[in-house]
Amino acid sequence: MRVVCVFLLAALLPSSLSHGRDPFFWVYGLRAQGYQSGSLQADTTGGECPAECDCPPSFPIAMYCDGRGLTAMPTIPSRMKYLYLQNNAITTVPDSSLVNATGLVWLMMHYNQLTSDGIGKKAFLKMQGLERLYLQHNNLTRIPSNLPRSLRDLRINHNIIDTVTPADLEGMDNLTILYLHDNAVTDMGTSLKGLKSLTLLDISGNKLKKVPAALPELLHQLYLESNSIDSLPEGFLGHFTQLQYIRMAHNQLTDKGIPPNTFNVTGLVELDLSFNKLERIPPVSTTLEHLYLQANQIKEFTLGSFCSIVDVTNFSKLRTLRLDGNELAQQDIPSDSALCLRLASTIEL
């Protein structure tokens with residue numbers, strides 16, 4: 001049994017964790033199994049499988065239509081729970097295209113040519129159990145209307161969305177992952193306020209000039225890189241209880257724009273402020289493990305930013321510190337820094 005478990009984990013983990021690959025690649029293996037069992041009969045419950053798609057007998061609730069050159073939505077048997085339509089040239093999702101697919105749990109439509117006007121206002125209205133919706137790498141200018149409140153994972157990055165309103169995400173109490181990066185969003189208002197379960201928010205690569213208001217309190221990862229943010233609100237991190245990772249590289253942050261002790265909060269594991277306009281090292285918590293400050297304008301190594309008191313029990317837990325691309329040299333590091341930064345393997349200057 002132990003050997004079997006090891007092989008199963010070895011098959012599942014690499015594909016699900018590797019960046020840039022489809023995290024559900026392992027599911028496609030089930031499709032291949034259908035071809036290896038000639039005795040299995042095709043399931044026609046709720047309608048025949050369309051000729052342009054695959055519906056493996058070994059996995060009858062999944063329909064694979066990915067990479068088929070499709071320009072329109074296929075007919076979907078009502079038994080389907082997993083629908084793969086990515087890597088096609090589909091431009092529209094009419095109101096009628098999903099009325100027979102109300103049981104879908106996953107809908108993958110990334111890398112198509114969808115436009116916002118091409119998606120019917122009622123297209124997703126009756127899908128009460130949909131958990132994953134992938135719409136990244138399309139031509140959407142806004143978030144589709146009437147998205148299912150059951151969604152847990154919404155990926156709508158790499159589109160041309162410029163506005164997000166509270167109505168777009170209203171009632172999504174179950175949403176835990178929201179990828180909105182690489183769009184053209186200038187302001188999000190209070191649209192994130194109701195996302196009570198959200199743990200990962202990626203809004204990097206937009207045109208934001210300020211941090212969105214009313215960020216969900218359960219956030220674990222917050223990505224704001226490559227925007228135009230020059231200042232942070234007072235008490236920016238005060239209400240978070242789970243936040244561990246903040247990335248704000250490639251913004252316009254200055255010392256004046258960061259209130260005192262903004263990042264001196266327990267719980268943070270990684271903080272990326274690289275490629276900004278900082279002249280000083282901001283004070284951080286002694287629990288922080290990774291700090292990236294490269295490519296700023298820092299002129300002084302302030303040890304007090306890491307340790308206010310140094311003794312046997314009080315020292316920084318910092319392991320990674322990058323300060324390269326600033327106005328510092330090796331001789332600028334105080335001689336007693338080894339006591340405060342005793343866990344840091346290297347300090348890059």
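- The local environment of NZ in Lys209 is sparse, with at most 12 non-hydrogen atoms from other residues, nucleotides or ligands closer than 6.0 Å.
- A salt bridge is defined here as a Lys NZ or Arg NE, NH1 or NH2 lying under 4.0 Å from an Asp or Glu carboxylate O, and Asp173 with Arg152 fails to meet this definition.
- Taking the centre and axis of the six-membered ring of Tyr179, the NZ or CZ atom of Arg155 falls outside the cone set by 45° and 6.0 Å.
- In terms of modelled atom types and a separation under 3.5 Å, the side chain of Thr44 and the main chain of Gly47 share no donor-acceptor contact.
- Side-chain atoms of Asn88 come within 3.5 Å of backbone N or O of Gln86 as a donor-acceptor pair.
- At least one side-chain heavy atom of Pro77 sits less than 4.5 Å from a side-chain heavy atom of Pro50.
- Because its NZ or CZ atom is not both nearer than 6.0 Å to the ring centre of Phe124 and within 45° of the ring axis, Lys126 does not count as a cation-pi partner of that residue.
- For the atom pair Ile177 CD1 and Leu198 CG, the distance stands at 8.5 Å (nearest 0.5 Å).
- In this structure, the side chain of Asn159 engages the main chain of Asn139 through a donor-acceptor pair within 3.5 Å.
- For the atom pair CG of Leu70 and SG of Cys53, the computed distance is 6.0 Å after rounding to the nearest 0.5 Å.
- For the pair Ser197 (side chain) and Thr176 (backbone), a donor-acceptor distance under 3.5 Å is absent.
- Remark: the backbone N or O of Leu180 is not paired with any side-chain donor or acceptor of Asp202 at under 3.5 angstrom.
- Across all their heavy atoms, Cys55 and Arg79 have their closest contact at CB-NH2, 4.1 Å.
- Remark: side-chain polar atoms of Asn112 are paired, donor with acceptor, to backbone N or O of Ile90 under 3.5 angstrom.
- Between the side chain of Asn276 and the main chain of Met248, a donor-acceptor pair closer than 3.5 Å is present.
- For the atom pair Ile161 CD1 and Ile156 CD1, the distance stands at 4.0 Å (nearest 0.5 Å).
- Counting heavy atoms from C-beta on, the side chains of Thr286 and Thr266 never come closer than 4.5 Å.
- The hydrophobic clustering, which links ILVMFWY residues whose side-chain heavy atoms are closer than 4.5 Å, places Met188 and Leu243 together.
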Q.
ring pair (Phe, Tyr, Trp, His ring centres under 6.0 Å), that's the test. Do His158 and His181 meet it? Break it down for me.
A. CA-CA 6 Å; His158 287 93; His181 59 90; 5.3 Å; yes
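- By the criterion of side-chain heavy atoms lying less than 4.5 angstrom apart, applied directly or through intervening Ile, Leu, Val, Met, Phe, Trp or Tyr residues, Ile333 is grouped together with Leu291 in one hydrophobic cluster.
- Between Leu98 and Leu104, the closest heavy-atom pair is CD2-CD1, 4.3 Å.
- A salt bridge does not link Lys317 with Glu289: every distance from a Lys NZ or Arg NE/NH1/NH2 to an Asp or Glu carboxylate oxygen is 4.0 Å or more.
- Ring geometry for Trp106 versus Tyr82: interplanar angle over 60°, hence perpendicular rather than tilted (30 to 60°).
- Annotation: Tyr292, atom OH; neighbour count of heavy atoms from other residues, nucleotides and ligands within 6.0 Å is above 12.
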Q. Could you go step by step and tell me if Arg68 and Glu52 meet the salt bridge (Lys or Arg N to Asp or Glu O under 4.0 Å) rule?
A. CA-CA 7 Å; Arg68 310 301 170 94; Glu52 63 269 31; over 6 Å; no
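- Residues Leu341 and Leu318 meet the side-chain proximity criterion, which asks for heavy atoms closer than 4.5 Å.
- Residues Gln244 and His220 have side chains that bring a donor and an acceptor to within less than 3.5 angstrom of each other.
- Judged purely by atom type and a 3.5 angstrom limit, Thr92 has no side-chain atom pairing as donor or acceptor with the backbone of Pro94.
- To the nearest 0.5 Å, atom CG of residue Leu178 and atom CG of residue Leu192 are 7.0 Å apart.
- If you chain together hydrophobic residues whose side chains sit under 4.5 Å apart, Tyr223 and Leu169 never meet in one group.
- Taking the side chain as every heavy atom from C-beta outward, Lys121 and Pro144 never approach each other to under 4.5 Å.
- Side-chain contact between Asp187 and Lys210: present, with at least one pair of heavy atoms (C-beta onward) separated by less than 4.5 Å.
- Note on ring orientation: taking the six-membered ring where Trp is involved, the planes of Phe306 and Phe301 are tilted (angle from 30° to 60°).
- Under the side-chain hydrogen bond (donor to acceptor under 3.5 Å, both in side chains) rule, Glu270 has a single partner from Gln221, Arg247, His290, which is Arg247.
- Of the possible polar contacts, none joining the Asp54 side chain to the Tyr64 backbone as a donor-acceptor pair under 3.5 Å is found.
- Separation of atoms OG1 (Thr254) and CD (Gln297) is listed at 9.5 Å; rounding is to 0.5 Å.
- The two residues Thr262 and Leu237 come nearest to each other via the heavy atoms O-CD1, 3.5 Å.
- There is no side-chain donor-acceptor pair under 3.5 Å between Asp117 and Thr115.
- The shortest side-chain heavy-atom distance between Leu224 and Pro212 falls under the 4.5 Å cut-off.
- From Leu208, atom CG reaches atom OG of Ser228 across 8.5 Å, with rounding to the nearest 0.5 Å.
- The same ILVMFWY cluster, assembled from side-chain heavy atoms under 4.5 Å apart, contains both Val265 and Leu253.
- Ile143 and Leu200 fall into different hydrophobic clusters, where Ile, Leu, Val, Met, Phe, Trp and Tyr side chains are chained together by heavy-atom contacts under 4.5 Å.
- In this structure, the side chains of Val284 and Leu268 stay at 4.5 Å or more apart for every pair of heavy atoms.
- Under the 30°/60° scheme for interplanar angles, the aromatic rings of Phe263 and Phe236 are found to stand perpendicular.
- Using modelled atom types, one side-chain atom of Asn138 and one backbone atom of Met109 make a donor-acceptor pair closer than 3.5 Å.
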